[in-house]
Amino acid sequence: MGKIRTAYSESVCNSDEFLGLSLEAQALYFHLGFDADTIGEIHGAKSKARGYGMGLAALDELMEAGYLLEIGGRWFIAHYYENNVKPTNDNVRKAANRLWDARPAPLAFAGESWGSAYVAMPTDYVDHEGSLQVAYEEPTCSLQVDSNGNGNGSGDSTTKVICNDKGNTMEGNVSAMEGVGVNGEGGTAHTVPCPACQQVHEVQGEEGAEWVHCDRLGMTYWWDSERNQWAR
């Protein structure tokens, strides 16, 4: 069963970034959205771009701007499930799940499944057969406070984060986490570091919907205000 409808999100298509694209690229984006299947894959993207009269330059412009992803010769609309709602019809959901199972291995959701943009996972997460080695897991991190211990209780202390990421132990000073618990207790979205790289990123979004993007793994994290930590 095919799609029931196609929608477009104002936050995607009315953004300064999208409106800054050429008119050819904008028009091609809407055409391709109607052509995409239930997981946003566009079959024959290059021939469609030529057929609609926009040409490959518009296709490349959309890819370079992050609105399209090309993985192993397969093309996807990056914001397909920001534009469209999660499948609820049983037949559509089953069709989407079948297509998702057959997707190229690096394709993943940046945040909430069926509700966030797509990202291409780094190649070091893909094995020689083209399958993900393991599903991405949050690094296991803990805080360690090293005190100079001068005996009077007033010695200086350094807060460090010890993080185990896929068997690699990383250690670093986290001055922004002074007084913050392991899960960010007492911290805010502007002081708690990214769980992947332990850096404090620039916070995007409005209050109550804050998010950061980590270039290290290409991951987007959303602020969990109940636990005071970043989560996917």
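Computed from heavy atoms alone, side chains included, the values below leave out hydrogens, waters and symmetry copies.
- Annotation: side-chain hydrogen bond (donor to acceptor under 3.5 Å, both in side chains) contacts of Asp16 (sequence neighbours excluded): none.
- For Ala110 against Ser116, the heavy-atom pair with the smallest separation is N-OG, 3.6 Å.
- Closest approach of Asn84 to Ala7, counting heavy atoms only: OD1-N, 2.8 Å.
- When the side chain to side chain contact (heavy atoms under 4.5 Å, CB included) test is applied to Lys94, the partners found at least two apart in sequence or on another chain are Arg98.
- With sequence neighbours left out, the side chain to side chain contact (heavy atoms under 4.5 Å, CB included) criterion links Ala78 to Leu69.
- In this structure, CG on Leu59 lies 7.0 Å from CG on Leu32, to the nearest 0.5 angstrom.
- The aromatic rings of Tyr8 and Phe30 sit perpendicular to each other, their planes meeting at more than 60°, with 30° as the lower class boundary.
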Next item on the list: Could you check Val119 against Leu107 for side chain to side chain contact (heavy atoms under 4.5 Å, CB included), going step by step and ending with a plain yes or no?
Entry: CA-CA 6 Å; Val119 293; Leu107 188 69; over 6 Å; no
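- Shown here are the side-chain hydrogen bond (donor to acceptor under 3.5 Å, both in side chains) partners of Tyr29, two or more places apart in sequence or in another chain: Asn83.
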Check: What do the steps show when you test Trp211 against Val203 for side chain to side chain contact (heavy atoms under 4.5 Å, CB included), and what is the final call?
Finding: CA-CA 6 Å; Trp211 58 275; Val203 177; over 6 Å; no
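- Under the side chain to side chain contact (heavy atoms under 4.5 Å, CB included) criterion, Asn14 pairs with Glu10, Leu19, sequence neighbours left out.
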Notebook entry, point to check: What's the verdict on side chain to side chain contact (heavy atoms under 4.5 Å, CB included) for Leu56 and Arg50, showing C-alpha distance, side-chain angles and the deciding distance?
Noted result: CA-CA 7 Å; Leu56 298 182; Arg50 288 189 289 260; 3.6 Å; yes
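- A distance of 6.0 Å separates CG in Leu21 from CD in Gln26, rounded to the nearest 0.5 Å.
- The stretch residues 17-26 participates, sequence neighbours left out, in no salt bridge (Lys or Arg N to Asp or Glu O under 4.0 Å) pair at all.
- No path of Ile, Leu, Val, Met, Phe, Trp and Tyr side chains, each step under 4.5 Å between heavy atoms, connects Ile77 with Val85, placing them in separate hydrophobic clusters.
- The side-chain hydrogen bond (donor to acceptor under 3.5 Å, both in side chains) check on Ser113 picks up nothing, with sequence neighbours excluded.
- With sequence neighbours left out, the side-chain hydrogen bond (donor to acceptor under 3.5 Å, both in side chains) criterion links Tyr81 to no other residue.
- Aromatic pair Trp100/Tyr118: ring centres closer than 6.0 Å.
- The side chain to side chain contact (heavy atoms under 4.5 Å, CB included) check on Leu99 picks up Asp37, Thr38, Ile39, with sequence neighbours excluded.
- Here the CZ-CD distance, from Phe109 to Glu82, works out to 10.5 Å after rounding to the nearest 0.5 Å.
- The backbone N or O of Thr88 sits less than 3.5 Å from a side-chain atom of Arg93, completing a donor-acceptor pair.
- Residues Met54 and His31 are in side-chain contact: their nearest non-hydrogen atoms beyond the backbone lie under 4.5 Å apart.
- A distance of 6.5 Å separates OH in Tyr52 from NZ in Lys48, rounded to the nearest 0.5 Å.
- Applying the salt bridge (Lys or Arg N to Asp or Glu O under 4.0 Å) rule to pairs touching residues 53-76 yields Glu41-Arg74, sequence neighbours excluded.
- For the atom pair Ser22 OG and Leu62 CG, the distance stands at 7.5 Å (nearest 0.5 Å).
- Ser15 contributes atom OG, which lies 8.0 Å from atom NE2 of His79 (distance to the nearest 0.5 angstrom).
- Nearest heavy atoms, Gly33 versus Tyr80: O-CE1, 4.4 Å.
- Other residues, nucleotides and ligands contribute at most 12 non-hydrogen atoms within 6.0 Å of the NZ atom of Lys46.
- The two atoms that bring Leu28 and Gly55 nearest to each other are CD2-O, 4.4 Å, heavy atoms only.
- In this structure, Phe34 is a member of the same hydrophobic cluster as Tyr67, with clusters built from ILVMFWY side-chain heavy atoms closer than 4.5 Å.
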